Undergrad: 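One structure, as structure tokens, below. Some questions next.
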Amino acid sequence: FAHYMMCFHCFGNCTPGPQCSSQGASDYLPGYETEMEIAQRHGLDGFALEWLGDAAYYNTSYYNIFAACEAFNARRGATAETAARGGSVPFYLIPMVDGGNYSHVREVLLTHIDSPCMYHVNGRPAVSSWGGGVKWTRTDAKSGNNQTAGALRSAEWVRDVVKPLGALGYAPPYFMPFLYPPAEPGSTGLWNFGKGQDDILSNFTVVDALWYWGCRDLGDTVANASLLNLEACRRHGKSVVAPVSAPYSPHGPGNNVYYTGSGARGLIQTWMAHINGVNGSQPDFVIYTTWNDLAEHHYLGPYNHTFWGLPNETQPVWHTEFPHMAYLQLSAYFVRWYKLPSGSAAPVVTTDEEAVFFFYNLQPVHNECPGDPLGPSGVAAYCAPTSHVHCGNPPPAHQGCVPDSSPLGRPGVHDCDPDYVVEDAVYVTSLLAAPGTLRIESGLPFTKPAGNGAAGFKITGSSPPAATTFSLPAGLHSVQVPALPGGQRFTFTRGGKSVVVVGTEGINTTAMSAAICNRQTFSGVLNIAQ
């Protein structure tokens, strides 16, 4: 599944511009259907629809997305019965309701509880929440009185949701929320995080599956916290919801941080934690966080988020797109692996999925961005090498959390993780059915054409540019080279035939870097089968 923000509608029903990040309902059903087709093609089974607050557009969007889903499934003849026979598989939806009260959860569920798009677990309609919007708050989590709070919230859930639905003949909902833990993993160490998940599950007993959100941290923290959540859920007989995310890099007042993914390294480490699990046990669900959070930049959906200048500016300062499809396309391979029986070896790469995925930032690490009132975001490269938060003492029993070699923490606070250094690098991950050769050229002259109301610009490039050639093996493999200002070109060769792609954005040090510090990751794909 993928978390879907109903307040963002930037696909198929608007042109690039400020309105793409505005809140409002979309009635463009073909756009929703296109997203569902892309999601399903990359191995996803559905969307978890975030309903955050009580704005009227959530209601409109919710109805329209369900209508689009029903049309999408009907057009393909996809039902639960066809899926059971090995035919077309339906696309499903999970309401993720944060209305502040359980009555709202009940009413949202009832609007589409009979829809063939409503996802069910063992005959029970699934419902989620974000961050405790359905009453488990940060105050509850940190009050030290979780036993009382958990009992109260559980009783309210039964009173306001389970019993009224039961009176109408419906099974109790399958509750799979993300809930604030007493301590987030990067701030106090993973050991305390694991104990916090135990505390939630011991007291908030109506939870069926506990979702660890896992986007606002580095890859090794997310991977290890996911395993701790898995262990805690298994101890309490609960199911597990695990995360996958592109790098988190919001740039706004009060939330100006950058968590490097070191290309695909963080994504791969997180996926491998889910695939390997603990003692043969894997998470029951994986949900991408998120499909389309354009504000915090960690989306995996088919968006090219365009920056159109600082708030209240009437003219764009610069025009840059940030496609993240490389994360989505690479993840499709891991989805296929995750859905195999636990303990399965890596699946053989098919010729259809062969690709080279590349990632880089569009500004140098130490760019000061004098035109940006927010200044540079907090990053790992800016803190003392001895300042980190370790896994905790004692460390978790599972493999992968070793205090002496895997320091963990948070950018801007205590984070100097040697595995995730913020650096000027071009990262490449290859997924190949057979060996080949890759040539990476960095620092070439680059021209960004004008378009969508924004002026173009040129980057002179580096003198001289750099070129590096790698012999890549079959399977999954990652390499990196220093990133130089200018254009980036990738050439893959096998059997005397070459495929070339140039990144559609260059690394800039002039007008763009003077305007704003935006360390969102740019990504691209060189598809071998063309």
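Side chains included, hydrogens not; waters and symmetry mates left out as well; all remaining heavy atoms used. Computed from a predicted model, the values in this text were never measured in an experiment.
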Undergrad: His120: what forms a side chain to side chain donor-acceptor pair (under 3.5 Å) with it, not counting sequence neighbours?
TA: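 Side chain to side chain donor-acceptor pair (under 3.5 Å) list for His120, sorted by chain: empty.
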Undergrad: Would you check, one step at a time, whether the test side-chain contact (heavy atoms from CB on, under 4.5 Å) holds for Thr290 with Trp213?
TA: CA-CA 10 Å; Thr290 72; Trp213 192 252; 4.2 Å; yes
Undergrad: Hey, what do you get for CZ (Phe359) to OH (Tyr327), rounding to the nearest 0.5 Å?
TA: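 OH of Tyr327 is found 5.0 Å from CZ of Phe359.
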Undergrad: Taking Val244's backbone N and O only, do any of them form a donor-acceptor pair with Thr270's side chain (distance below 3.5 Å, no angle check)?
TA: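 No; judged by distance alone, with no hydrogens or angles, the pair does not exist.
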Undergrad: For the residue pair Trp271 and Phe334, categorise the inter-ring angle as parallel (less than 30°), tilted (30 to 60°) or perpendicular (more than 60°).
TA: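 Parallel, since the angle between the ring planes stays under 30°.
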Undergrad: Can Glu50 and His3 be counted as having a side-chain donor-acceptor contact under 3.5 angstrom?
TA: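 Short answer, yes.
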Undergrad: Atom OG in Ser115, atom CG in Leu93: separation rounded to 0.5 Å?
TA: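 Rounded to the nearest 0.5 Å, the OG-CG separation comes out at 7.0 Å.
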Undergrad: Taking atom types as modelled, find out whether Tyr170 and Asp114 have a side-chain donor-acceptor pair closer than 3.5 angstrom.
TA: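 Judged by distance alone, the side chains do pair up.
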Undergrad: May I ask you to test the Thr205-Trp157 pair for a side-chain heavy-atom distance under 4.5 Å?
TA: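 No, their side chains stay 4.5 Å or more apart.
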Undergrad: Determine whether a donor-acceptor pair (N or O, by modelled atom type, separation under 3.5 Å) exists between the side chain of Ser281 and the backbone of Val278.
TA: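 A pair under 3.5 Å: no.
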Undergrad: Walk me through it: do Tyr32 and Phe72 pass the test ring pair (Phe, Tyr, Trp, His ring centres under 6.0 Å)?
TA: CA-CA 9 Å; Tyr32 289 134; Phe72 176 68; over 10 Å; no
Undergrad: Are Asn64 and Met6 packed together at the side-chain level, in the sense that at least one heavy-atom pair is separated by less than 4.5 angstrom?
TA: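 The answer is no, as the side chains (C-beta and beyond) never meet within the 4.5 Å cut-off.
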Undergrad: Hey, are the side chains of Ser129 and Val97 touching, using non-hydrogen atoms and a 4.5 Å cut-off?
TA: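 Sidechains of Val97 and Ser129: no contact.
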Undergrad: Distance from Ile38 atom CD1 to Gln329 atom CD, nearest 0.5 Å?
TA: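 Output value for this atom pair is 11.5 Å.
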Undergrad: Using 0.5 Å steps for rounding, measure from the OG atom of Ser202 to the CZ atom of Arg235.
TA: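 Ser202 atom OG to Arg235 atom CZ measures 9.0 Å (nearest 0.5 Å).
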Undergrad: Can you tell me how far OG1 of Thr111 sits from CD of Glu107, rounded to the nearest 0.5 angstrom?
TA: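 Atom-to-atom, Glu107:CD and Thr111:OG1 are 9.0 Å apart.
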Undergrad: Would a 4.5 Å heavy-atom cut-off, applied to side chains only, mark Ile94 and Phe47 as touching?
TA: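 No, side chains not in contact.
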Undergrad: So, Ser226 side chain and Val222 main chain: donor-acceptor pair closer than 3.5 Å or not?
TA: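 Checking the backbone N and O of Val222 against the side chain of Ser226, a donor-acceptor pair under 3.5 Å is found.
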Undergrad: What's the verdict on side-chain contact (heavy atoms from CB on, under 4.5 Å) for Leu165 and Leu110, showing C-alpha distance, side-chain angles and the deciding distance?
TA: CA-CA 8 Å; Leu165 289 178; Leu110 282 172; 3.4 Å; yes
Undergrad: Return all side-chain donor-acceptor pairs below 3.5 angstrom for residues 78-91, not counting sequence neighbours, or 'none' if the list is empty.
TA:
unit_1, atom_1, unit_2, atom_2, d
Thr79, OG1, Glu81, N, 3.3
Thr79, OG1, Glu81, OE1, 3.3
Thr79, OG1, Thr82, N, 3.1
Thr82, OG1, Thr79, N, 2.8
Thr82, OG1, Thr79, O, 2.8
Thr82, OG1, Ser88, O, 2.6
Ser88, OG, Arg76, O, 3.3

Undergrad: Any idea how Phe204 and Phe175 line up, ring-wise: parallel (<30°), tilted (30 to 60°), or perpendicular (>60°)?
TA: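 Aromatic pair Phe204/Phe175 classed perpendicular.
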Undergrad: Over 60° means perpendicular and under 30° means parallel, so classify the ring planes of Tyr63 and His112, tilted if in between.
TA: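 His112 vs Tyr63 ring planes: perpendicular.
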Undergrad: Can you tell me how far apart CG (Asp217) and OH (Tyr212) are? Round to the nearest 0.5 Å.
TA: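 The CG atom of Asp217 sits 5.5 Å away from the OH atom of Tyr212.
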Undergrad: Is the distance between the ring centroids of Tyr338 and His274 under 6.0 Å?
TA: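 No: the rings miss the under 6.0 Å criterion.
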Undergrad: NZ of Lys163: more than 12 outside heavy atoms within 6.0 angstrom?
TA: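 Atom NZ in Lys163 is not crowded, with 12 or fewer foreign heavy atoms closer than 6.0 Å.
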Undergrad: Have a look at His298 and tell me which of Pro247, Pro250, Ser249, Ser245 forms a side-chain contact (heavy atoms from CB on, under 4.5 Å) with it.
TA: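 With His298 as partner, side-chain contact (heavy atoms from CB on, under 4.5 Å) holds for just one option, Ser245.
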Undergrad: Applying side-chain hydrogen bond (donor to acceptor under 3.5 Å, both in side chains) between Gln520 and each of Tyr299, Tyr258, Tyr248, report the one that passes.
TA: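 Option passing the side-chain hydrogen bond (donor to acceptor under 3.5 Å, both in side chains) with Gln520: Tyr299.
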